[in-house]
Number of protein chains: 2
Amino acid sequence: MARSAANSDAFNAVAEPRRREILNYLVMQERSVSEIVEAMELEQPSISKHLKVLKGVGLVAARRDGRQMLYKVNPMAIRPLHDWTSTFERLWKDQLLRIKQRAEGNNATKE
Amino acid sequence: MARSAANSDAFNAVAEPRRREILNYLVMQERSVSEIVEAMELEQPSISKHLKVLKGVGLVAARRDGRQMLYKVNPMAIRPLHDWTSTFERLWKDQLLRIKQRAEGNNATKE
DNA sequence: TTGACATATTCCTATATGGGAATATATTGA
DNA sequence: TCAATATATTCCCATATAGGAATATGTCAA
């Protein structure tokens, strides 16, 4: 079996670095395809293909404005990723706390 | 060019659903490979391969205990994912707020 | 040393890319 | 209708899987 398709879910879609770059760029505001092409060093067809994947999983929304297509982030689609990573938040906070406590202990007792 | 390797970074590693399942399972506590195999419906070699990828990007750590290998999550490695998704948090909160305000507006003015 | 248990690795194959090149489609203005 | 602009799609290929099967490696107990 091959890897799951990039357009199967948001996790797969954002695995591709260029697609994360596009999302980062769209955080600021809605942009046309040509603006995205200019901002990134990548051919227009590649950008369009990445946008198709992002749209396929709902990470961006598009609307036509004359000859242009304007894309914007759909932030809600990122929440599942955020929520999933948050389930580990307690763990890394505990880990940081232990590291800090150990450091303080070392200073005090020179153990 | 093909897709970037699964062991290139945490984003690619967690794109695979089975690997997320493994991480979810390891949130509770450290586990041996056979425990993971039992918990998931997947052959042992596949589990070992997934664990290798996860270890490769630092998402899990392993230690030997007799014949067993015990794996645990390294939560710090998930922080980059969390941080990246957090950059969109303001956006979806604004979006939720607008939705809420619109709903309230409708109730009040029946617009 | 040997047998058994626990994991890891190798080999194989179907599948899904991601980007470049070429081409198709959509929309506007004359 | 036609040319020009803006995007999208198709074709092609090198690459990287993910899982199954078979096998290798590591560790302990007798």
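By convention in this document, chain letters (A, B, ...) are assigned in the order of the sequence lines, proteins followed by strands, and residues within each chain are numbered from 1. Only heavy atoms go into these numbers, but all of them, side chains included; no hydrogens, no water, no symmetry mates.
When rounded to the nearest whole Å, the span between CG of Asn12(B) and P of dT17(C) equals 13 Å. Between Asn7(A) atom CG and dT15(C) atom P there is a gap of 16 Å when expressed in whole angstrom units. Nucleotide dT7(C) holds its P atom 17 Å from the NZ atom of Lys52(B), rounded to whole Å. In this structure, CZ of Arg63(A) is placed 16 Å from C1' of dT7(D), rounded to the nearest angstrom. Atom-to-atom, CG of Leu42(A) to P of dA21(C) comes out at 12 Å; the value is rounded to the nearest Å. Separating the CG atom of Leu54(B) from the P atom of dA18(D) is a distance of 10 Å, rounded to the nearest angstrom. Here dA22(C) presents its P atom at 11 Å from CD of Glu43(A), a figure rounded to the nearest Å. As rounded to whole Å, 13 Å separates atom C1' of dA6(D) from atom CD1 of Ile36(A).
You'll find the side chain of Ile47(A) reaches within 4.5 Å of the side chain of Met40(A), heavy atoms only. Here the side chains of Gln44(A) and Ser34(A) are not in contact, with every heavy-atom distance at 4.5 Å or above.
Backbone-only engagement by Ser32(B) is indicated by non-hydrogen atom pairs under 4.0 Å involving sugar-phosphate atoms exclusively. Residue contacts for Ser34(A): at a heavy-atom cut-off of 4.0 Å it reaches the sugar-phosphate backbone alone, with no base atom in range. Residue Gln44(A) is in base contact, counting any heavy-atom pair closer than 4.0 Å across all strands shown. Using a 4.0 Å heavy-atom criterion, one finds that Lys49(A) contacts the bases of the nucleic acid, with or without backbone contacts as well.
Comparing dA6(C), dT15(C), dA6(D) by their nearest atom to the side chain of Ala2(A) picks out dT15(C). The side chain of Met69(A) lies closest to dA8(D), out of dG26(D), dA21(D), dA8(D).
One finds no side-chain N or O of Arg67(A) lying less than 4.0 angstrom from the OP1 or OP2 phosphate oxygen of dT25(C). Under 4.0 angstrom from either OP1 or OP2 of dA6(C) there lies no side-chain N or O belonging to Tyr71(B). Contact annotation: Arg3(A) does not reach the phosphate of dT15(D) (side-chain N/O to OP1 or OP2, under 4.0 Å).
Ionic pairing of Asp94(A) and Arg90(A) is present here: one or more N-O contacts between side-chain nitrogen and carboxylate oxygen are shorter than 4.0 angstrom. One finds no salt bridge joining Glu16(A) and Arg20(A) here, because no Lys/Arg side-chain nitrogen approaches an Asp/Glu carboxylate oxygen to under 4.0 Å.
Comparing Glu16(A) and Gly66(A) along DNA chain C, the residue whose closest nucleotide (by nearest heavy atom) sits nearer the 5' end is Glu16(A). Mapping Pro45(B) and Gln68(A) onto DNA chain D by nearest heavy atom places Gln68(A) closer to the 5' end of the strand.
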### Residues Asn7(B), Asn12(B); criterion side-chain contact (heavy atoms from CB on, under 4.5 Å); working and verdict
CA-CA 7 Å; Asn7(B) 60 347; Asn12(B) 279 282; over 6 Å; no

